Amino acid sequence: MGRLGPTEIILILVVVILLFGAKKLPDMARSLGKSARILKSEAKAMKAEDQQSAPADPPQPAAPEQQTAAPRTIQAAPGDVTSSRPVAEPTDTTKR
């Protein structure tokens, strides 16, 4: 008990196809792949940020008038420029 044979796996696949429909399965797989790419790129960015932010000497605080931050950009996936937008941009799309 506990082992799945080929018959059980085929039966599970048939039930999944009947539940979700054959048309929605490719979209679900695409969304899952996109989510995995986003998670991987964010983890890589966090790792690179941790390596850069761990200098031997602690940084000295800068004066408030010298701190001018560039606008950050949120990017959904590497190379996906269609969904990237500045953080401060209003998200209300009803204004035309």
Side-chain angles (χ1 to χ4, degrees):
M1 186 162 185
R3 292 194 175 239
L4 293 176
T7 308
E8 289 85 6
I9 293 174
I10 292 172
L11 182 63
I12 290 171
L13 289 175
V14 167
V15 170
V16 167
I17 290 173
L18 288 175
L19 285 176
F20 294 108
K23 291 183 179 182
K24 291 187 180 182
L25 287 177
D27 293 334
M28 290 172 52
R30 194 174 301 118
S31 296
L32 184 63
K34 190 173 184 180
S35 299
R37 282 192 306 271
I38 292 170
L39 180 65
K40 184 179 177 182
S41 67
E42 290 296 323
K44 191 181 292 186
M46 286 177 60
K47 188 174 182 180
E49 185 177 294
D50 285 344
Q51 289 176 353
Q52 289 177 355
S53 68
D57 296 329
Q60 300 294 329
E65 62 270 4
Q66 293 176 351
Q67 294 179 351
T68 56
R72 292 181 12 185
T73 301
I74 297 175
Q75 192 170 7
D80 185 15
V81 295
T82 59
S83 62
S84 63
R85 61 178 173 81
V87 175
E89 179 181 314
T91 57
D92 187 11
T93 59
T94 58
K95 297 178 183 177
R96 295 180 191 205

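Since we're looking at a predicted model, the values are computed, not measured.
Looking only at distances, a side-chain donor or acceptor of Glu8 sits under 3.5 Å from a matching main-chain atom of Gly5.
Legend: residues meeting side-chain contact (heavy atoms from CB on, under 4.5 Å) with Leu18, ordered by chain and number and at least two apart, are Val14.
Considering CG of Leu11 and OG1 of Thr7, their distance stands at 9.0 Å, rounded to 0.5 Å. Once rounded to the nearest 0.5 Å, the distance linking NZ of Lys40 with CD1 of Ile38 reads 13.5 Å. Here the straight-line distance linking atom CG of Leu4 with atom CD1 of Ile10 works out to 12.0 Å at 0.5 Å rounding.
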Report all side-chain donor-acceptor pairs from residues 21-33 shorter than 3.5 Å, counting only partners two or more places apart or in another chain.
from, atom 1, to, atom 2, distance (Å)
Asp27, OD1, Arg30, NH1, 2.8
Ser31, OG, Asp27, O, 3.0

